[in-house]
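Read the numbers this way: they start at 1 and go in the same order the structure lists the ligands and their atoms. Here, residue 1 is the first one in the sequence, and each next residue gets the next number.
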Amino acid sequence: MSRAADRLKVVLNHLDRSHGAVRASFTSAQNVSYHHPHALQYTFDTDVLTPEQRIAYEENGFILIRKLVSDEDIEKFRKEFERISKREVKVPGLLIMKDVSIAKSEFVEGEKAVTKLQDFQEDPELFRYCTLPQILNYVKCFTGPNIMAMHTMLINKPPDTGKKTSRHPMHQDLHYFPFRPADRIVCAWTAMEKVHRGNGCLVVLPGSHHGTLQEHDYPEWEGGVNKMYHGVRNYAPDHPRVHLEMEKGDTVFFHPLLIHGSGMNQTKGFRKAISCHYASSDCYYIDVNGTTQENISNEVKELAAKKYGADTVTFQDTWALRGRLVQGERTSM
Ligand SMILES: CCCCCCCCCC(=O)SCCNC(=O)CCNC(=O)[C@H](O)C(C)(C)COP(=O)(O)OP(=O)(O)OC[C@H]1O[C@@H](n2cnc3c(N)ncnc32)[C@H](O)[C@@H]1OP(=O)(O)O
Ligand SMILES: Nc1ncnc2c1ncn2[C@@H]1O[C@H](COP(=O)(O)OP(=O)(O)OP(=O)(O)O)[C@@H](O)[C@H]1O
Ligand SMILES: O=C(O)CCC(=O)C(=O)O
Ligand SMILES: [Fe+2]
Ligand SMILES: [Mg+2]
């Protein structure tokens, strides 16, 4: 038995004692090198995460890795963001989103009007983020060796206009995904500069990934809400929260059931982050009709009909079209 496995066993035994029972069974994440029944549901043993890190992810649903992406790479992503926002390059399939409170303003243009670039999978420079070896090295701990990049975003949270529309309501990313199992999906989110409470860092509810997918809807906010920014319907504002303050290059990996959002940007600068949602290519699509995901599915289909000019595109199709293999084999997705 390896030393790491030995240490893991010690920590797990401790957890068993302090938590009474170990969580219910799971099938695929148990290829650890010794037998410990039904212990680790969310991670694989890959010699990348320490036993402590694995346990932290199991308990909290996220793990923060400092300085994972170099300043040089981040500067390249920033330059490419500028080129795209100034319309110097046109990227197929890419969506440029503006903040709802400035969408109709004729006085704001170029990158200052951009809240989010979505679906940059056809932009080689930005997509390089999704293929960075040091990111995939962590991703495989959650997805296993066959990895698809399913969803890409560069978020440029604007200074709030006073209407609080720069907030992102508390949500679970799985609400948007018609594929499973949830435990084989992970988001990598990298700060492109210092992010803190003042400019609207991520806010997470630790351990919320142990729950199920909640109903989501537009929150009833006076100043308006951005398109598709659904929030968990019964959001309890007094639930313990953690503000993830991060330095440039720091990267958080989090579970798609983790409830998270971000506060408003009270600074004059645009708060930038780049992210990718990965899934095991062994995941499978599900039918969301009759589930809580039906509302977002209808919105996405509507948008896809406009974007691709085809009204026969299913919610699942929109994902299969965007997904890109980044490691291993494309088996099912
Ligand atoms: C796709 C699935 C995403 C999965 C995500 C997984 C987890 C991530 C969680 C999220 O991030 S959820 C939020 C994801 N958000 C989106 O995917 C939104 C995508 N963006 C868009 O759909 C477009 O940017 C949008 C349709 C809102 C506007 O694009 P256009 O190029 O058509 O904008 P245009 O400036 O021409 O404005 C057209 C209309 O949209 C309005 N508009 C523009 N930006 C808006 C905005 N941000 N919110 C609401 N309405 C908006 C604008 O006011 C105007 O209204 P009117 O028709 O009444 O004049
Ligand atoms: N009613 C609500 N429904 C869903 N999410 C909400 C609601 N109210 C706040 N949030 C979310 O809670 C998180 C924190 O938001 P907020 O803007 O209050 O920032 P903050 O970090 O708490 O700062 P401060 O406490 O200084 O106001 C954000 O994700 C925000 O979108
Ligand atoms: O960068 C942010 O503010 C959070 C974005 C987010 O959670 C999302 O787009 O799913
Ligand atoms: Fe999210
Ligand atoms: Mg607050």
Using ring-ring contact (aromatic ring centres under 6.0 Å, His included) as the criterion, point out the one residue from F62, Y57, Y278 that pairs with F142.
-> Y57
If Ile, Leu, Val, Met, Phe, Trp and Tyr residues are connected whenever their side-chain heavy atoms lie under 4.5 Å apart, and connections chain through other members, are V204 and I63 in the same group?
-> no
Quick one: look up the protein heavy atom nearest atom 7 (O) of ligand 3 and list residue, atom name and how far away it is.
-> H260 NE2, 3.0 Å
Which atoms from ligand 2 have a heavy atom of G261 less than 4.0 Å away?
-> 29 (O)
Tell me, please: is Y176 in heavy-atom contact with ligand 3, that is, under 4.0 Å?
-> no
Proximity of H151 and Y176 rings by center, below 6.0 Å | no
With heavy atoms of W189 as the reference, note each atom of ligand 3 found under 4.0 Å away.
-> 1 (O), 2 (C)
What orientation do H210 and Y42 show, parallel under 30°, tilted 30 to 60°, or perpendicular over 60°?
-> tilted
W319/F177 aromatic ring centres below 6.0 Å = yes
Taken to the nearest 0.5 Å, the spacing of R197 CZ from L244 CG works out to 12.0 Å
Exercise: identify the closest heavy-atom pair between M148 and S281 = CG-CB, 3.5 Å
Under 3.5 Å side-chain donor-acceptor pair for N199 and T267 | no
side-chain hydrogen bond (donor to acceptor under 3.5 Å, both in side chains) with H230: which of H171, Q172, H175?
-> H175
For M153, take its heavy atoms, then give the atoms of ligand 3 lying under 4.0 Å from any of them.
-> 8 (C), 9 (O), 10 (O)
For R241, counting its heavy atoms only, list the atoms of ligand 2 lying under 4.0 Å from any of them.
-> 12 (O), 13 (C), 14 (C), 22 (O), 25 (O)
Location of contacts on A273 toward ligand 3, heavy atoms closer than 4.0 Å = neither
Taking non-hydrogen atoms only, is H168 closer than 4.0 angstrom to ligand 2 via side chain, backbone, both or neither?
-> backbone
Any nitrogen or oxygen of M170, main chain or side chain, under 3.5 Å from a nitrogen or oxygen of ligand 2?
-> yes
Looking only at protein heavy atoms, what sits closest to atom 3 (O) of ligand 3 is S262 OG, 2.6 Å
Could you tell me which atoms of ligand 3, counted from 1 in the order shown, lie closer than 4.0 angstrom to a heavy atom of K116?
-> 9 (O)
Determine the sole option in V186, L174, D173 for which the side chain to side chain contact (heavy atoms under 4.5 Å, CB included) test with H277 is passed.
-> D173
Give the numbers and elements of all ligand 3 atoms closer than 4.0 Å to a heavy atom of H171.
-> 6 (C), 7 (O), 8 (C), 10 (O)
Hydrophobic cluster membership, V89 vs M153, 4.5 Å side-chain cutoff = no
For ligand 2, which atoms sit closer than 4.0 Å to a heavy atom of H243?
-> 20 (P), 21 (O), 22 (O)
Residues T46 and K140: side-chain donor-acceptor under 3.5 angstrom = no
N/O to N/O below 3.5 Å, does that happen between Q266 and ligand 2?
-> no
With M150, which of R322, R324, M333 fulfils side chain to side chain contact (heavy atoms under 4.5 Å, CB included)?
-> M333
Vertex the Fe ion (ligand 4), arms to H260 NE2 and H171 NE2, rounded to 10° = 90°
For G263 and ligand 2, answer yes if some heavy atom of the residue is under 4.0 Å from a ligand atom, otherwise no.
-> yes
Looking only at protein heavy atoms, identify the closest one to atom 4 (C) of ligand 3 and say how far it is in Å.
-> L202 CD2, 3.5 Å
Nearest neighbour in protein (non-hydrogen) for atom 5 (C) of ligand 3 = H168 ND1, 3.7 Å
Backbone, side chain, both or neither: what part of R271 comes under 4.0 angstrom of ligand 3, heavy atoms only?
-> side chain
Say whether S262 and ligand 2 are in contact under the criterion: heavy-atom distance to a ligand atom below 4.0 Å.
-> yes
Residue D173 atom name (nearest to the Fe ion (ligand 4); N/O/S) = OD1
State the atoms of ligand 2, each with its element, that fall below the 4.0 Å cut-off from a heavy-atom position in M264.
-> 17 (O)
